[in-house]
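Remember, it's 1-based here, ligands and their atoms both numbered in the order they're listed. The residues of the chain are indexed from 1 along the displayed sequence.
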Amino acid sequence: MSNKRVYLFHEGNAKMRDLLGGKGANLAEMTNIGLPVPPGFTITTECCNYYSKHGKFPEGLMDDVREALAAVEKDMGKKLGDPENPLLVSVRSGAKFSMPGMMDTVLNLGLNDQTADALIRLTGNERFVWDAYRRFVMMFSDIVLSGQYPDLKKEKFEHIFDALKEKVGAKQDTDVDAAGLKELVGQFKEYFRKVTGQDFPSDPMKQLELAIEAVFKSWNNERAVIYRNREKISHDLGTAVNVQTMVFGNMGDDSGTGVAFTRDPATGENRIYGEFLMNAQGEDVVAGVRTPETIDQLAEHNPEIYQQFVEIAKKLEQHYRDMQDIEFTIEKGRLFILQCRAGKRTPQAHIEIAVDHVNEGLITKEEAVLRVPPEVPGLMLLPSLDPDFVKRNKPTVLAKGLNAGPGGAVGKVAIGSAAALRMAEAGDDVILVGRETTPDDLGGMLASRGVLTATGGKTSHAALVARQYGIPTVCGCSALRIDEAARTISADGVVLKEGEYISIDGTNGLVYLGQVPTKMPEVSGKFATFMEWADSFRTMGVRANADTPEHAAEAVELGATGIGLCRTEHMFMGDRVPMVQAMILAEDEAAREEALSKLLPLQREDFVGIFKAMKGYPVTVRLIDPPLHEFLPSLEELLVETTEMRVKGETGPAYEEKMKLLNKVKELHEFNPMLGLRGCRLSIYFPGIVRMQVAAIIGAACEVKKAGLDVHPEIMIPLVGIVTELTHIKEQLEQVAQETMKAEGIEVDYKFGTMIEIPRAALTADEIAQEAAFFSFGTNDLTQMAYGLSRDDAGKFLPLYIEKRIIPVDPTESLDVKGVGRLMQICVEDARKVNPGIKLGICGEHGGDPDSVKFCYKLGLDYVSCSPKRIPVARLAAAQAALEKDGGSTRDK
Ligand code: PEP
Ligand code: MG
């Protein structure tokens with residue numbers, strides 16, 4: 001741990017995010033470029049980590065805090081707790097990566113009866129002081145002590161306030177006068193004494209110490225942990241604590257507070273976009289309780305301040321060379337900047353702003369490509385409500401709110417997070433509906449297709465989070481009434497029960513009754529430009545996992561330059577099942593050949609369709625992989641059916657057929673089919689199937705070539721673990737390929753290769769690579785076998801492993817670099833030694849995961865292959881990998 005634990009704002013700078021957190025580093029930077037930042041200091045993230053580890057502050061931390069505080073006091077000419085001229089401070093969290101609303105903040109710290117009196121004397125504004133005081137008692141109790149005393153939660157205090165409002169006949173908080181608020185402070189303190197048996201802490205230094213501790217603790221609160229897991233932010237970073245002089249937006253009508261973005265965070269449009277409330281504190285804007293005014297209206301309240309703000313916003317965007325999210329407060333006609341950070345934005349805005357910034361000369365194309373998170377192109381492809389359907393059918397509009405998160409979503413109404421989680425778990429698409437959403441609703445929001453709230457502005461924390469994840473969101477829908485007890489929502493006299501369908505359009509804020517179909521967007525305009533830039537830096541290929549002509553065409557549309565995995569068993573489903581079953585049940589070779597000959601033209605037709613759709617790009621076709629019993633009914637089902645038939649005396653030919661099927665299922669039954677008769681083992685056991693498949697592949701390729709099109713099939717033999725498995729099958733299949741070409745009277749370019757899915761295959765690559773023109777890492781199986789876990793059952797315990805921090809991420813989603821990655825590395829090195837020209841790729845699910853794609857780039861793979869929808873994600877991740885190769889990640893995380 002470094003010696004210096006507390007930094008005054010002017011002692012830091014923007015580069016010190018590790019130590020000072022993003023907020024602290026930016027406050028320091030803004031102070032240094034001369035912006036009006038209220039003075040303060042930052043306690044380092046190292047102190048938080050020390051606290052998390054030891055459960056106490058590092059020795060002497062409070063002495064350092066006192067010293068820094070003295071410097072701030074000197075600067076301000078005020079002192080914390082001074083009965084004549086008191087200083088009040090805010091105590092805020094601020095980690096290296098922004099975690100909006102996930103951790104804690106205490107405002108107005110330093111208030112007690114004496115300092116309150118002094119402030120009344122100094123400001124002459126009694127109402128303001130009692131308002132600040134009642135907020136402080138509530139917030140301090142909630143944040144600092146409600147862990148120990150659950151009855152100190154904010155809601156309890158709000159009930160007391162509601163009762164008082166009713167008593168004095170006030171509708172809004174602002175209708176309560178100074179006397180009312182003074183009475184409220186008394187009631188709050190009395191309630192505090194009742195709950196804790198002690199007086200509310202009046203010593204400001206003690207308040208400060210407890211608040212710092214609460215912020216440290218909030219690093220590990222539940223929602224912060226969920227957020228970090230989701231965002232793959234390390235749990236070891238810790239939060240800094242910023243102690244800053246309070247300025248007040250609630251000092252009357254010449255005061256106010258707000259949040260603004262230097263560009264529209266929903267669309268990316270180049271205009272200042274924000275919200276503010278006059279005579280309010282920051283929490284009123286971000287908590288989404290009062291619906292705020294838009295930033296343009298600030299020009300009407302105070303044109304000079306508006307102008308000053310616009311200039312500062314421009315300066316900050318130019319300084320940081322990125323869109324900024326700025327929190328500001330106006331205290332008695334004077335503007336203060338409390339915070340700035342790179343603004344969260346929708347996927348659309350990410351692209352729009354990156355492209356505009358390049359066109360404006362603010363950043364380079366490389367920076368633009370590196371700056372956009374690789375998940376963004378995937379989110380850009382989220383559906384919107386079908387505009388043609390809306391035009392034609394005019395679905396009933398239930399209500400209109402603010403367009404807080406673009407995109408369209410359809411689902412069943414779920415009132416509150418708990419219901420949303422429950423219904424989503426049961427398999428429903430849900431729209432989370434609530435009066436407001438708080439950061440505590442993160443889990444519920446992530447489980448929902450969309451979010452709809454009655455109150456709250458577009459800069460509420462929940463709206464920020466929704467936008468970040470591309471969850472279509474409509475908020476501030478004031479006509480909406482929610483009856484939690486009756487489990488209904490209503491607007492304009494229309495009542496809907498929980499579980500009924502609504503559709504929301506987060507792009508224009510409309511809420512429709514019933515289900516409006518959704519439509520996929522196209523890659524065009526600035527998105528297309530951005531992806532072209534990404535491709536210009538990319539060196540690794542991106543292919544698709546696709547097994548129908550439609551998917552293949554979609555993949556090409558989305559930028560794939562080949563198919564990396566065509567799973568042929570998918571072609572044995574649907575109305576072809578009876579043919580496949582006949583083949584499995586055949587009693588002799590002749591009957592099996594006959595069944596296979598029926599499948600051959602159908603398979604060939606499939607491949608013709610795919611080859612045509614791929615327009616000459618290589619197509620890797622994997623021969624049949626799953627165990628045969630997957631094409632037969634289940635044992636249990638057949639046992640029930642045959643028993644029923646017997647009981648009813650139906651023992652004719654139909655019964656005989658069923659019994660035959662049952663016996664075959666019993667014969668094929670395996671205790672552990674994933675490690676059983678599948679992949680190349682099945683081909684060795686039943687060579688007829690793969691012979692038919694190769695005849696179909698090569699036959700189709702010949703046909704397509706005759707039609708004048710380019711075609712490059714790559715035939716992939718799965719689940720090889722021993723080189724002789726490969727040679728055994730390849731020999732027979734080479735023969736089929738040659739015979740087919742001869743019969744067709746034309747030659748095609750084809751290759752044989754294998755998947756690397758068994759650890760033994762990776763470790764004996766020096767042998768296998770001599771027999772294969774290409775390898776494709778089947779990292780689904782490779783992960784399963786390297787870990788000795790079942791990919792079908794691991795869902796039971798892997799989430800627990802992540803929650804308990806046994807592993808940081810699910811290895812079935814993101815490649816385990818240390819173990820599975822090591823196997824891959826050995827394999828790549830050994831294979832290239834004996835076969836330098838071997839083509840190497842990956843086709844497990846990891847091929848669409850940005851971190852895994854970057855690892856594959858480092859390994860030197862020729863391509864990654866993923867599902868069509870992930871292709872733009874993989875393209876961007878691969879471009880970033882190429883750009884990062886020297887400088888490491890410059891991503892904001
Ligand atoms: C793999 O194992 O990674 C793979 C792509 O094959 P499958 O998922 O079909 O087993
Ligand atoms: Mg596999």
Side-chain angles (χ1 to χ4, degrees), residues 542-548 551 555 560 562-573 619-631 670 672-683 689-690 693 714-722 725-726 729 753-762 765 768 772 774-795 810-817 819-821 823-824 827-828 839-849 852-853 855-856 859 861-868 870-871 874:
V542 175
R543 295 194 187 187
N545 292 359
D547 33 58
T548 63
H551 276 150
I563 286 183
L565 176 65
C566 169
R567 289 183 167 102
T568 53
E569 57 272 11
H570 292 177
M571 301 168 174
F572 289 163
M573 306 293 185
V619 177
T620 307
V621 182
R622 180 182 69 187
L623 303 179
I624 189 167
D625 181 38
L628 289 184
H629 74 83
E630 284 195 11
F631 302 101
E670 290 177 308
N672 199 341
M674 262 295 177
L675 298 177
L677 190 61
R678 55 175 287 226
C680 65
R681 303 161 191 168
L682 180 64
S683 308
I689 308 174
V690 287
Q693 290 195 301
E714 300 178 341
I715 302 166
M716 183 153 78
I717 297 166
L719 220 78
V720 164
I722 317 165
E725 287 176 314
L726 179 60
I729 302 163
T754 184
M755 292 184 82
I756 302 293
E757 326 178 71
I758 291 187
R760 190 182 188 282
I768 299 176
F774 65 89
F775 279 175
S776 178
F777 287 102
T779 44
N780 302 333
D781 274 309
L782 192 59
T783 301
Q784 158 168 276
M785 295 190 220
Y787 272 86
L789 56 74
S790 153
R791 51 196 267 208
D792 303 308
D793 301 320
D810 182 341
T812 66
E813 281 171 22
S814 193
L815 253 177
D816 157 49
V817 169
V820 178
L823 284 169
M824 293 169 76
C827 178
V828 167
K839 208 192 267 188
L840 302 172
I842 177 175
C843 63
E845 286 305 297
H846 306 90
D849 166 66
S852 310
V853 170
F855 176 70
C856 291
L859 277 184
L861 298 196
D862 297 298
Y863 68 85
V864 295
S865 187
C866 57
S867 61
R870 301 290 293 167
I871 283 167

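Annotation: atom 6 (O) of ligand 1 to nearest protein heavy atom, R622 NH1, 2.9 Å.
The shortest N or O to N or O distance between G778 and ligand 1 is below 3.5 Å. For E845, no nitrogen or oxygen atom sits less than 3.5 Å from a nitrogen or oxygen atom of ligand 1, counting backbone and side chain alike. Residue contacts with ligand 1: E569 is placed with no nitrogen or oxygen under 3.5 Å of a nitrogen or oxygen of the ligand (distance criterion only).
Here L782 has no heavy atoms under 4.0 Å from ligand 1, in either its backbone or its side chain. At a 4.0 Å heavy-atom cut-off, ligand 1 touches L565 through the side chain alone. Proximity of M716 to ligand 1, defined as any heavy-atom pair under 4.0 Å, is not found for any part of the residue. Within the 4.0 Å heavy-atom criterion, the part of T779 lying near ligand 1 is the backbone and not the side chain. Residue-level proximity to ligand 1 for Q784 is absent, since no heavy atom of it falls below 4.0 angstrom.
With contacts defined as side-chain heavy-atom distances shorter than 4.5 Å, the pair M785/R760 does not qualify. You'll find the side chain of D862 stays beyond 4.5 Å of the side chain of F774, heavy atoms only.
Within the 4.0 Å heavy-atom shell around ligand 1 one finds R678.
Of the possible polar contacts, none joining the T754 side chain to the F775 backbone as a donor-acceptor pair under 3.5 Å is found. At distances below 3.5 Å, not a single donor-acceptor pair connects side-chain atoms of E725 with backbone N or O atoms of V720. R681 places a side-chain N or O within donor-acceptor distance of the main-chain N or O of L675, the cut-off being under 3.5 Å. Remark: the backbone N or O of T812 is not paired with any side-chain donor or acceptor of E845 at under 3.5 angstrom. Judged by distance alone, the side chain of D547 and the main-chain N or O of M571 form no donor-acceptor pair under 3.5 Å. Between the side chain of S865 and the backbone N or O of I842, no donor-acceptor pair lies under 3.5 Å.
Side chains of R543 and T620: a donor on one and an acceptor on the other come within 3.5 Å.
The ligand atoms of ligand 1 that sit less than 4.0 angstrom from a heavy atom of D625 are 10 (O). Distances below 4.0 Å separate heavy atoms of E757 from the following atoms of ligand 1: 1 (C), 2 (O), 4 (C), 6 (O). For ligand 1, the atoms lying closer than 4.0 Å to a non-hydrogen atom of C843 are 5 (C). Distances below 4.0 Å separate heavy atoms of R791 from the following atoms of ligand 1: 2 (O), 7 (P), 8 (O), 10 (O). Near M755, meaning under 4.0 Å from any of its heavy atoms, are these atoms of ligand 1: 4 (C), 5 (C), 6 (O).
Residue side and main chain included, D625 places no N/O/S atom under 2.8 Å of the Mg ion (ligand 2).
An angle of 100° is found at the Mg ion (ligand 2) between E757 atom OE1 and D781 atom OD2, rounded to 10°.
Residues passing the side chain to side chain donor-acceptor pair (under 3.5 Å) test with T779 are H846, sequence neighbours excluded.
Residue H551 qualifies as open at atom NE2: its count of foreign heavy atoms under 6.0 Å is 12 or below.
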